[in-house]
Amino acid sequence: MTVREILHVGNPLLRERSREVTREELASPEVQQLIDDLIDTMRAADGAGIAAPQVGELVRITTIEVNQNPRYPYKPPIPLTIVVNPIIEPIDDEQFENMEGCLSVPKMRGRVPRWVNVRVRYLDREGNEHDEVRRGLAAGTFQHECDHLDGVVFLDRVTDTRTLTTWEMFERYHQAAFFEEMRQFVARVGS
Ligand code: NI
């Protein structure tokens, strides 16, 4: 088990566009080890996902997993998913506002508009091709992680900076209302 250091916003590597991984690279011990490291690092930090640039590797790989996450208890579960070379696109105009956080942005959360319904195409760690529709909070998680591969962090997408809050102040002043908002949203869109 290898837990890697997570880079924090301000590190220039988080602002780079990561490059695609070839199938040969994906099959290599080095990239397979990186994927294992991302899983270990994500789980150790209670992240819902982590992208390779967050550990300083500028390749288009992210891992996603939600299983009764203590940082995001309202998020429906997502089984461990390895996402390589993703292409993500909205399939309609519907958006929602998510209250996002990020392992690379310590202590802060803020409101970010996200597409409710996205099509995402990617390779898994074995190189199998996936073409899926993701909805709701799962779609939000995919969009957040894919943003990292283009050097974008959620702070860039906060449209009203007055929604920024520390996690401590979120719990004190905003959590109850947001959890209820998300309960209704999840009941409506299903994930
Ligand atoms: Ni993040």
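As the structure lists them, so they are numbered: ligands from 1, and atoms in each ligand from 1. Just so you know, these numbers come straight off a predicted model, no measurement behind them.
Of the N and O atoms on the side chains of D36 and Q32, not one donor lies less than 3.5 Å from an acceptor on the other residue.
Taking the charged nitrogens against the carboxylate oxygens, R157 and E100 have no contact shorter than 4.0 Å, which rules out a salt bridge. Taking a cutoff of 4.0 Å between a charged side-chain nitrogen and a carboxylate oxygen, R71 and D46 do not qualify as a salt bridge.
Taking distances strictly below 2.8 Å, the protein N/O/S atoms close to the Ni ion (ligand 1) are C102 SG, H144 NE2, H148 NE2.
Residues Y74 and F185 keep their aromatic ring centres 6.0 Å or farther apart.
Atom CD in E132 sits 10.5 Å away from atom CD1 in I88 (nearest 0.5 Å).
Put simply, the side chain of T165 gets close to the backbone of F170: a donor and an acceptor are under 3.5 Å apart.
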